[in-house]
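Before any comments, here is the structure.
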Amino acid sequence: MVDSVRVIAIPGSLRRGSYNRALLREAGRLAPAGMEIEIFDLHEVPLYDGDVEARGDPEPVGRLKAAVQQADAVLLATPEYNAGTSGVLKNALDWLSRPPRQSVLGGKPVAVIGGGAGGGTRGAQAQVRAALAHPRAALLDGPEVALAWVWDRMDGDGRLVDPEAESRLGVLLERLAAEALEHRSRELVAA
């Protein structure tokens with residue numbers, strides 16, 4: 001790839017040893033040439049509160065919104081808790097969707113991945129996709145990276161050891177890069 005693409009990657013787990021955080025690190029390893037992936041940590045992002053928002057975004061929320069705004073694309077990695085996404089990721093999406101019709105996610109290329117137990121985070125990914133429809137994010141529709149029994153697909157250092165999973169993630173990243181470059185071109189034409 002000739003052009004550079006900056007991706008902000010957001011893990012939906014706060015746990016340091018999270019498999020989904022490891023998936024984002026693996027995305028960095030498998031990224032196509034020219035793609036830079038930066039992981040944004042959600043530890044400091046407070047719970048969404050309209051009263052707090054009315055006084056102005058808290059500093060961690062401002063950093064999150066700026067990171068998404070400055071990125072060419074977004075990569076979300078969701079765990080699955082009780083057949084849904086994590087509260088921490090849903091909370092981040094709630095902040096990012098504000099203000100209505102002016103969200104930094106509007107038109108932004110977004111890919112959703114995840115790894116967990118038997119369902120491979122399909123339920124959580126469906127919930128994340130539904131939450132991204134309101135701010136009009138440009139969701140990639142595939143290939144699916146929903147890794148069932150993710151701990152069997154990674155070694156002790158959090159590296160993928162499943163060639164099929166590596167291939168699917170690599171193809172998804174190529175598609176995300178292409179969508180990001182196309183989005184950038186449309187924005188330049190519109191400017």
Side-chain angles (χ1 to χ4, degrees), residues 1 5-43 45 64 67-68 71-94 96 105 108-133 137-180:
M1 181 178 305
V5 173
R6 188 166 176 273
V7 176
I8 192 72
I10 303 173
S13 175
L14 299 177
R15 192 171 64 87
R16 185 182 344 239
S18 160
Y19 290 106
N20 287 285
R21 187 176 297 271
L23 272 176
L24 293 177
R25 286 192 303 270
E26 284 296 272
R29 180 177 69 83
L30 298 169
M35 178 182 272
E36 172 194 338
I37 297 179
E38 176 188 341
I39 297 176
F40 188 96
D41 192 280
L42 296 175
H43 272 94
V45 175
L64 173 62
V68 170
D72 296 304
V74 178
L75 178 61
L76 303 172
T78 182
E80 186 163 292
Y81 303 144
N82 301 314
T85 192
S86 66
V88 71
L89 184 54
K90 177 60 170 74
N91 181 63
L93 295 176
D94 290 343
L96 289 169
L105 291 168
K108 184 81 63 174
V110 179
V112 184
I113 64 174
T121 72
R122 284 180 180 87
Q125 288 191 39
Q127 192 177 50
V128 168
R129 290 173 181 281
L132 289 166
L139 281 162
L140 264 67
D141 60 1
E144 180 181 75
V145 179
L147 305 180
W149 313 115
V150 67
W151 43 86
D152 290 336
R153 298 169 185 251
M154 293 186 151
D155 66 17
D157 295 322
R159 285 187 63 130
L160 283 169
V161 293
D162 178 338
E164 181 186 343
E166 280 187 340
S167 175
R168 281 197 317 244
L169 182 53
V171 170
L172 180 76
L173 294 170
E174 291 279 355
R175 289 207 50 219
L176 185 59
E179 289 293 324

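How far CD1 of I8 is from CD of E36: 9.0 Å, rounded to the nearest 0.5 Å. For the atom pair CD (E144) and CZ (R168), the distance works out to 7.0 Å, reported to the nearest 0.5 Å. The structure places CD1 of I113 at 7.5 Å from CG of L147, a figure rounded to the nearest 0.5 Å. Distance check, rounded to the nearest 0.5 Å: CZ of R129 to CG of L139 gives 5.5 Å. Between R153 atom CZ and E26 atom CD the span is 13.5 Å, to the nearest 0.5 Å. In this structure, I10 CD1 and L42 CG are separated by 6.0 Å, a value rounded to the nearest 0.5 Å.
Between the side chains of T78 and T121, no donor-acceptor pair of N or O atoms lies under 3.5 Å.
Minimum heavy-atom separation, G12 to L89: CA-CB, 3.8 Å. Of all the heavy atoms in V171 and P143, the pair that sits closest is CG1-CG, 3.8 Å.
Just one residue in the list V112, L75, L172 forms a side chain to side chain contact (heavy atoms under 4.5 Å, CB included) with V145, and that residue is L172.
Between the side chain of K90 and the backbone N or O of Q127, no donor-acceptor pair lies under 3.5 Å. With hydrogens and angles disregarded, no donor-acceptor distance shorter than 3.5 Å links the side chain of D157 to the backbone of R159.
Between L160 and L30, some side-chain heavy-atom pair lies under the 4.5 Å cut-off.
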